[in-house]
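Worksheet: one structure, shown below.
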Amino acid sequence: VMEYRKDKRTKNLTLRDIHVGDWVQEWSPVTEKYDPPTKVMSIYDDGDVLLIYDDKHRLTPNEARIENIDALPIDGDLLRGFGFEKLCGNFYYSKNGTSVMAQDNQLEVMDFFCIDKYGESTSLGDIAYMHELQQALHEERNFIGDFNIEWKGIER
């Protein structure tokens, strides 16, 4: 099965929490499950958010209400679903050359690092959710990699 679902809700997001390009998940009040991860395409003041599953489906966005948009908690499965490969121990890295690594300390957060423009390892800190990782990389002025990730899904 190629989906990422949890049986209870994670952190609900507000319009101030998210940016265009952030990866989130939509909660379905009908099925009481999450849809697979989606990317924020547009944010409107009235609380509507346009979501796409990947850049190939930009012409068919899904409209959602902000109260149904939740954070994507980062764990090893989620990182692999975004194309990270597991290295020795609890380290992960992205296979598309982004120079982003994570160490899983078996907590609710992962410790993220990136290689900056000087070739040095820079800590991004403890991060719990995918949109926080994307925003931390955006704010790290010495990060020169491309972190345009796509959801590939999880093989169970």
Side-chain angles (χ1 to χ4, degrees), residues 2-29 31-85 92-104 107-117 122-154:
M2 299 282 284
E3 37 197 321
Y4 186 75
R5 296 184 178 211
K6 298 236 174 180
D7 54 359
K8 61 187 193 327
R9 292 195 69 169
T10 66
K11 176 183 171 208
N12 181 244
L13 298 174
T14 68
L15 294 177
R16 288 175 176 252
D17 295 327
I18 57 175
H19 297 92
V20 169
D22 284 349
W23 282 90
V24 296
Q25 58 187 349
E26 182 183 1
W27 175 259
S28 168
T31 61
E32 296 195 339
K33 288 194 165 104
Y34 284 113
D35 290 337
T38 51
K39 190 191 306 193
V40 176
M41 189 172 114
S42 297
I43 302 169
Y44 300 103
D45 292 341
D46 67 358
D48 283 345
V49 180
L50 287 184
L51 303 170
I52 53 174
Y53 289 105
D54 56 43
D55 287 330
K56 292 188 285 291
H57 295 94
R58 293 185 79 80
L59 298 176
T60 55
N62 174 37
E63 196 169 305
R65 294 292 304 160
I66 189 61
E67 53 267 15
N68 294 327
I69 305 299
D70 289 3
L72 267 175
I74 293 176
D75 61 19
D77 284 343
L78 186 84
L79 287 177
R80 284 191 295 279
F82 277 108
F84 281 69
E85 288 179 23
Y92 295 85
Y93 77 100
S94 172
K95 63 183 175 185
N96 58 358
T98 63
S99 304
V100 178
M101 295 142 289
Q103 182 175 8
D104 185 355
L107 303 169
E108 296 295 312
V109 295
M110 284 204 179
D111 197 8
F112 278 89
F113 306 87
C114 70
I115 304 300
D116 66 17
K117 65 184 179 186
T122 300
S123 174
L124 296 169
D126 289 341
I127 297 175
Y129 301 107
M130 186 54 77
H131 73 283
E132 294 173 342
L133 172 61
Q134 291 176 271
Q135 291 170 21
L137 284 166
H138 184 73
E139 291 164 10
E140 174 51 56
R141 60 186 177 86
N142 290 324
F143 177 66
I144 54 167
D146 176 13
F147 200 67
N148 185 19
I149 53 171
E150 294 291 336
W151 178 248
K152 311 264 191 268
I154 299 169

- With sequence neighbours left out, what residues match T122 under side-chain hydrogen bond (donor to acceptor under 3.5 Å, both in side chains)? D116
- How about T10 and L72: do any of their side-chain heavy atoms sit closer than 4.5 Å? no
- Query: Who passes side-chain contact (heavy atoms from CB on, under 4.5 Å) against T60, sequence neighbours left out?
  - Reply: H57
- Is it the case that Q135 and D22 place a side-chain donor and acceptor less than 3.5 Å from each other? yes
- Item | All side-chain hydrogen bond (donor to acceptor under 3.5 Å, both in side chains) counterparts of S123, not counting sequence neighbours | none
- Item | Straight-line distance of S42 OG to L50 CG, nearest 0.5 Å | 4.5 Å
- Message: A side-chain contact here means heavy atoms from C-beta on lying under 4.5 Å apart; do L79 and I74 qualify?
- Response: yes
- Any chance CD of E85 has more than 12 other-residue heavy atoms, nucleotides or ligands included, within less than 6.0 Å? yes
- Query: Taking atom types as modelled, is there a side-chain donor on Y92 or D104 under 3.5 Å from an acceptor on the other?
  - Reply: no
- Note on the structure: In terms of heavy-atom contacts, L78 and P73 come closest through CD2-O, 3.4 Å
- Task: Show your working on side-chain contact (heavy atoms from CB on, under 4.5 Å) between V24 and M130 and close with a plain yes or no.
- Result: CA-CA 7 Å; V24 296; M130 186 54 77; over 6 Å; no
- Kindly indicate whether the side chain of L124, heavy atoms from C-beta on, has any atom under 4.5 Å from the side chain of F113. no
- Message: Run L15 and V49 through side-chain contact (heavy atoms from CB on, under 4.5 Å) and show every step you take.
- Response: CA-CA 9 Å; L15 294 177; V49 180; 4.1 Å; yes
- side-chain hydrogen bond (donor to acceptor under 3.5 Å, both in side chains) filter on R65, not counting sequence neighbours, yields D48, E67
Compile the donor-acceptor pairs under 3.5 Å between side chains in residues 136-147 and protein atoms, sequence neighbours left out, one pair per line.
residue : atom : partner : partner atom : Å
E140    : OE2  : N142    : N            : 3.3
D146    : OD1  : N148    : N            : 3.1

- Message: Could you tell me if the side chain of T38 sits less than 4.5 Å from the side chain of I69, heavy atoms only?
- Response: no
- Task: To the nearest 0.5 Å, tell me how far R16 CZ sits from I66 CD1.
- Result: 12.5 Å
- Task: For residues L133 and M110, determine if any side-chain heavy atom of one lies less than 4.5 Å from a side-chain heavy atom of the other.
- Result: no
- List for me each residue that meets side-chain hydrogen bond (donor to acceptor under 3.5 Å, both in side chains) alongside E26, sequence neighbours excluded, and say none if there are none. N62
- Message: Does anything in residues 66-85 form a ring pair (Phe, Tyr, Trp, His ring centres under 6.0 Å)? List the pairs, not counting sequence neighbours.
- Response: W23-F82, F82-W151
- Task: Report the distance from atom CD1 of I127 to atom NE2 of H131, rounding to the nearest 0.5 Å.
- Result: 10.0 Å
- Message: Any non-hydrogen side-chain atom of N68 less than 4.5 Å from a side-chain atom of P29?
- Response: yes
- Query: What pairs of residues pass the salt bridge (Lys or Arg N to Asp or Glu O under 4.0 Å) test when at least one of them lies in residues 52-62, not counting sequence neighbours?
  - Reply: K39-D55, D55-R58
- Task: State the CD-CG distance between E108 and D75, to the nearest 0.5 angstrom.
- Result: 9.5 Å
- Note on the structure: Distance col, row R80:CZ vs I154:CD1, nearest 0.5 angstrom, shows 8.0 Å
- Note on the structure: Those residues at least two apart in sequence (or on a different chain) that pass salt bridge (charged side-chain N to carboxylate O under 4.0 Å, His left out) with D111 are none
- Message: Is the shortest side-chain heavy-atom distance between N12 and W27 below 4.5 Å?
- Response: no
- Quick check: does any side chain N or O of E132 sit under 3.5 Å from a backbone N or O of Y129, one acting as donor and the other as acceptor? yes
- Task: Taking the side chain as every heavy atom from C-beta outward, state whether S28 and K33 have any atom pair closer than 4.5 Å.
- Result: no
